[in-house]
Engineer: 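Before we start, here is the structure in question, set down as C-alpha cells.
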Amino acid sequence: MNSMWVSVGVVVGVVMVGAVGLPAVSANRQMPSTKPNILILLADDLGYGDLGCFGRQNISTPHIDAMASDGIRFTQWISAAPICTPSRAALQTGRLPRRFGMTANVLPWRVFDLPSQPGGFPSSETTVATMLKSAGYRTGLTGKWHLGVSTLGHFGEHLPLNHGYDDWLGLPFTNMRACAEGHESSQFCMLMANHTVVQQPTHMQNLTLELTDHAIRFINNSVAAEQPFFLLFAYVHVHTALFSSPMFTNVSRGGRFGDNLEELDWSVGQVLSTLTAHGIADNTLVLFTSDNGPYAEEGWDECGRTGGLAGSKGQTFEGGIRMPGIAMWPGVVPPGVVTDTLVSTLDIFPTALAIAGVPLPAGVIIDGRNMLPILRVPATTPTAHDWLWHYCGNNVTAGRHAGLKFHFATQRWTSAARPSPKCKQCCPYGPTSFNGTGGSMCDCASGDVDFHDPPLIFNMTADREERHPLTVSTFPGFAAAVAAAQDALAAHYVTVVGAKDQMHTLPDPLLQPCCNTPTILGVTERTCECDTFAEGKVYP
C-alpha cells in the first residue's frame, strides 16, 4: 500500500396513458401544516452537461429547465462520491460513506454487485427520513435503493422501511445490462413494494410510468392525510441498460440516451404539476441533481456528457462528481439565479432538517452543511464548506477549499495508453469490462492512481476543466496552500474511525430476493417469477 494512503479500519406536459390522474382540487388549496414539504429528484448517471439549462442542445428537457428558470441553478453542486452506492448513502445521512463502511477501492466491491449480498446500510446510521418522520412527516421513496437488501439473519434488514421510510416502490438493486429491455433477468431485476417482491423480472419498459404513478399517489395521500411529506424520487434513468416506454422511443434527437432523458423530464413535469394542482408548490422545496457523473465506459451513444469536465463516473475529476443542481421553492428561492457557490449532496440532510425545524442528531459528525441561507440569498451567501473532501473508494484523492481543488492522487486513464472507441479519459479495459465492451471504470487502489506530492492544484474559477495545474511561478501562495491542505487532510483523517466493512461481502443464495407464487393446488412456490403488482395496493 502506498504510504500516502491513510489506513482506516473498515471493521404536465404529455399525459401518458395509465398515469395517475392529477387531483381535481382547487389550485389555491394549501396544506394545513405550516411545515414545508421536501421533494428530492435524483437522476442516475446524469452528466453535468446533459440538461438544456446546462447547455445540451439535442435533448429536450423543458420541465427541468423550467425549474432552473423558476429557481437557482448551481454550477458547483458536488456529489459526495463518484459512484452510486456511496453517493446514495451520503445523501441519506449527510455523512461521508467512509465513516460507516460503505466504500471500497475496486470493482465489483465499489457498489453492491448482487442483490444477495448480506452487506448494506447499517442500522447504526440515521437517515433523513428517520429524522423527518419523528417530526410528523410522511416519508416516501420512489425508485432505486442500491444500499443492500438483507442480512444473514433478517430478510429486508437494509431496505427503506427499516430506515425511516413509510412507503417505497422501486428497485432494491440497480439497473444493469442483465436488465436490458425485453431480456430482463429475474436474478438481478425485480420491483419491490415495501418488503414484497411484486414483479420479477422487472418490466423495464413500463418502469418510469409505474414509478411516476407511485410518486404522485404518495403526494396525493399526503395531502389527504394533511401531513407534510418528504419524498425522494430516485430515478433509474439514465443508467444503462437504457430503456423507455413506447411514447419515448425514437423521439429524441439525442438518440436512445435522449429518449431516456426526455422520459425522465416528462416524469418531473408530472410530479411538479401535482404540486401545483394541490396548491402546495409554494410550500415545497424541490431539489434536482444526480448521484454521480456519466458512465463513459458504456460508450458514447449510451452515456451522458460532462460538459467538457475531465473524467466521468467513478473518478474524482470534476466529470465524476460535479452534478447539475437545481433548487426551486417559490417565494423562498429567488427565480432565475445562477450561482457558483459550492454546495454538496451531503447538504441535503442538514438542509431538510433545518427546514423542518429538527435539530441535527447529537454525537454524530455531519459532513453536510445547511444550505438554506444560500437558497434564500444566493447572491451574497458564501459556501458553508471550509474543506470538502472527495473520496475515491477508501481514501481522499482530492479536496476543495477557497476556490482551489487539490489532487493528492489522480486515477490513471488506461484509455490513454490503449485508446478505445468507447470513451476518452476513462478505463475501458478493466477486469469487469468484458474485453472493453463496457462495465468497467477507473478504480481507486494504489496501483490504479498516480500520487502527487505536492498535490496538483487547480483554480476552479478559471480552470474547471482541470487542464492547467498551478505552480510556484504561477501561484505565489503555492507553498502555503500545500501546507494548509496537507494539515487539513491529516486533521480530517483523525475524525474517520473504523467501521464495519459493508461492501466486501460474498453473496448468499438464501438471501436472493424472490417472489412467492401460489400454484394451482394452492401451495406457495418460490419461483422468482411473478407480476402481481397492483397500483394503489398497500403491500407489507
Side-chain angles (χ1 to χ4, degrees), residues 1-11 76-83 86-87 89-105 110 122 124-125 315-318 320-322 342-350 360-371 382-411 444-446 449 451-458 460 477-503:
M1 177 178 293
N2 190 291
S3 60
M4 290 187 68
W5 279 160
V6 176
S7 177
V8 178
V10 185
V11 219
Q76 294 199 82
W77 183 300
I78 307 298
S79 177
I83 193 169
S87 172
L91 185 157
Q92 295 289 343
T93 60
R95 287 162 47 81
L96 290 164
R98 182 70 174 114
R99 297 192 186 279
F100 47 98
M102 297 199 72
T103 58
N105 284 338
R110 292 181 70 185
S124 57
E125 290 298 309
Q315 306 178 34
T316 50
F317 287 102
E318 291 295 286
I321 57 175
R322 189 185 290 221
L342 183 71
V343 296
S344 170
T345 303
L346 288 162
D347 301 339
I348 291 175
F349 180 97
L360 294 174
V364 178
I365 295 175
I366 301 298
D367 298 292
R369 299 291 182 264
N370 175 19
M371 60 179 168
T383 180
H385 291 278
D386 184 16
W387 285 90
L388 183 62
W389 302 110
H390 308 320
Y391 273 77
C392 186
N394 296 333
N395 299 281
V396 171
T397 52
R400 291 286 300 272
H401 173 69
L404 300 177
K405 183 175 180 182
F406 299 78
H407 280 281
F408 304 97
T410 52
Q411 288 156 290
C444 309
S446 58
V449 302
F451 292 93
H452 305 290
D453 187 10
L456 301 179
I457 307 177
F458 294 94
M460 285 288 98
F478 185 89
V482 168
Q486 292 172 336
D487 289 346
L489 179 59
H492 166 71
Y493 272 133
V494 170
T495 72
V496 184
V497 299
K500 181 181 178 181
D501 181 0
Q502 298 292 337
M503 307 306 296

Engineer: With a 4.5 Å limit on heavy-atom distance, are the side chains of Arg98 and Pro86 in contact?
Structural biologist: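 No - every pair of side-chain heavy atoms lies 4.5 Å or more apart.
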Engineer: About how many Å separate CZ of Phe317 and NE2 of His390, when rounded to the nearest 0.5 Å?
Structural biologist: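 Between atom NE2 of His390 and atom CZ of Phe317 there are 12.0 Å.
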Engineer: Only pairs at least two apart or in different chains count here, so list each salt bridge (charged side-chain N to carboxylate O under 4.0 Å, His left out) that has a residue in residues 386-396.
Structural biologist: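 Matches after skipping sequence neighbours: none remain.
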Engineer: When you measure from the side chain of Gln315 to the backbone N and O of Pro82, does any donor-acceptor pair fall under 3.5 Å?
Structural biologist: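 Looks like no, no N/O pair under 3.5 Å.
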Engineer: State, yes or no, whether a side-chain contact exists between Cys392 and Arg110 at a heavy-atom distance under 4.5 Å.
Structural biologist: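 Contact flag for Cys392/Arg110 side chains = yes.
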Engineer: How many angstroms lie between atom OG1 of Thr93 and atom CG of Leu346, to the nearest 0.5 angstrom?
Structural biologist: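 With rounding to 0.5 Å, OG1 (Thr93) is 7.5 Å from CG (Leu346).
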Engineer: Less than 6.0 Å separating the ring centroids of Phe406 and Trp387?
Structural biologist: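 Aromatic pair counts; centres sit under 6.0 Å.
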Engineer: Would you say Ser344's side chain and Ile78's backbone share a donor-acceptor pair under 3.5 angstrom?
Structural biologist: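 Yes: the side chain of Ser344 pairs with the backbone of Ile78.
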Engineer: Arg99: what forms a side chain to side chain donor-acceptor pair (under 3.5 Å) with it, not counting sequence neighbours?
Structural biologist: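 By the side chain to side chain donor-acceptor pair (under 3.5 Å) rule, Arg99 matches Asp367, Thr495.
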Engineer: Determine yes or no for a side-chain-to-main-chain donor-acceptor pair under 3.5 angstrom, with Arg95 supplying the side chain and Ile365 the backbone.
Structural biologist: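 Here the side-chain-to-backbone pair exists.
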Engineer: For the CZ atom of Phe451 and the CG atom of Leu456, what is their distance to the nearest 0.5 Å?
Structural biologist: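 Those atoms lie 13.0 Å apart.
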Engineer: Please step through side-chain contact (heavy atoms from CB on, under 4.5 Å) for the pair Trp77 and Met371, ending with a clear verdict.
Structural biologist: CA-CA 11 Å; Trp77 183 300; Met371 60 179 168; 3.6 Å; yes
Engineer: Pair Thr103, Asn395 - check side-chain contact (heavy atoms from CB on, under 4.5 Å), show working.
Structural biologist: CA-CA 9 Å; Thr103 58; Asn395 299 281; over 6 Å; no
Engineer: With sequence neighbours excluded, what pairs up with Ser124 under the side chain to side chain donor-acceptor pair (under 3.5 Å) test?
Structural biologist: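 Ser124 satisfies side chain to side chain donor-acceptor pair (under 3.5 Å) with no other residue.
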Engineer: Indicate the atoms forming the closest heavy-atom contact of Trp389 with Leu96, along with that distance.
Structural biologist: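 Minimum heavy-atom separation between Trp389 and Leu96: O-CD2, 4.1 Å.
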Engineer: Under 3.5 Å, sequence neighbours excluded: what are the donor-acceptor pairs made by side chains of residues 485-492?
Structural biologist:
unit_1, atom_1, unit_2, atom_2, d
Gln486, NE2, Asp453, OD1, 3.3
His492, NE2, Tyr391, OH, 2.7

Engineer: What are the two closest non-hydrogen atoms of Gly393 and Cys444, and how far apart are they?
Structural biologist: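 Looking at all heavy atoms of both residues, the shortest contact is N-SG, 3.6 Å.
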Engineer: Mind checking side chain to side chain contact (heavy atoms under 4.5 Å, CB included) for Thr383 and listing every partner two or more places apart, or none if nothing turns up?
Structural biologist: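 In terms of side chain to side chain contact (heavy atoms under 4.5 Å, CB included), with neighbours along the sequence ignored, Thr383 is linked to Thr341, Leu342, His385.
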Engineer: Does Asp347 use its side chain to pair, donor to acceptor, with the backbone of Arg369 at less than 3.5 Å?
Structural biologist: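 Yes, because the side chain of Asp347 sits within donor-acceptor range (under 3.5 Å) of the backbone of Arg369.
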Engineer: Quick check: do Ile366 and Pro361 have side-chain heavy atoms less than 4.5 Å from each other?
Structural biologist: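 The answer is yes; the side chains approach within 4.5 Å.
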Engineer: For Arg322, give me all partners under salt bridge (Lys or Arg N to Asp or Glu O under 4.0 Å), at least two apart in sequence or on another chain.
Structural biologist: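 Applying salt bridge (Lys or Arg N to Asp or Glu O under 4.0 Å) to Arg322 gives Glu318.
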Engineer: I want to check something: taking the side chain as every heavy atom from C-beta on, are Gln92 and Glu125 in contact at a cut-off of under 4.5 Å?
Structural biologist: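 No - every pair of side-chain heavy atoms lies 4.5 Å or more apart.
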Engineer: Measuring from atom CZ of Phe408 to atom OG1 of Thr316, what distance do you get when rounded to the nearest 0.5 angstrom?
Structural biologist: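 Here the interatomic distance stands at 11.0 Å.
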Engineer: Tell me the closest heavy-atom pair linking Ala90 and Pro97, and the distance in Å.
Structural biologist: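 Heavy atoms of Ala90 and Pro97 come nearest at CB-CD, 3.9 Å.
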Engineer: Hey, can you tell me if Phe458 and His407 have their rings parallel, tilted or perpendicular (30° and 60° cut-offs)?
Structural biologist: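 Perpendicular: the ring planes of Phe458 and His407 meet at over 60°.
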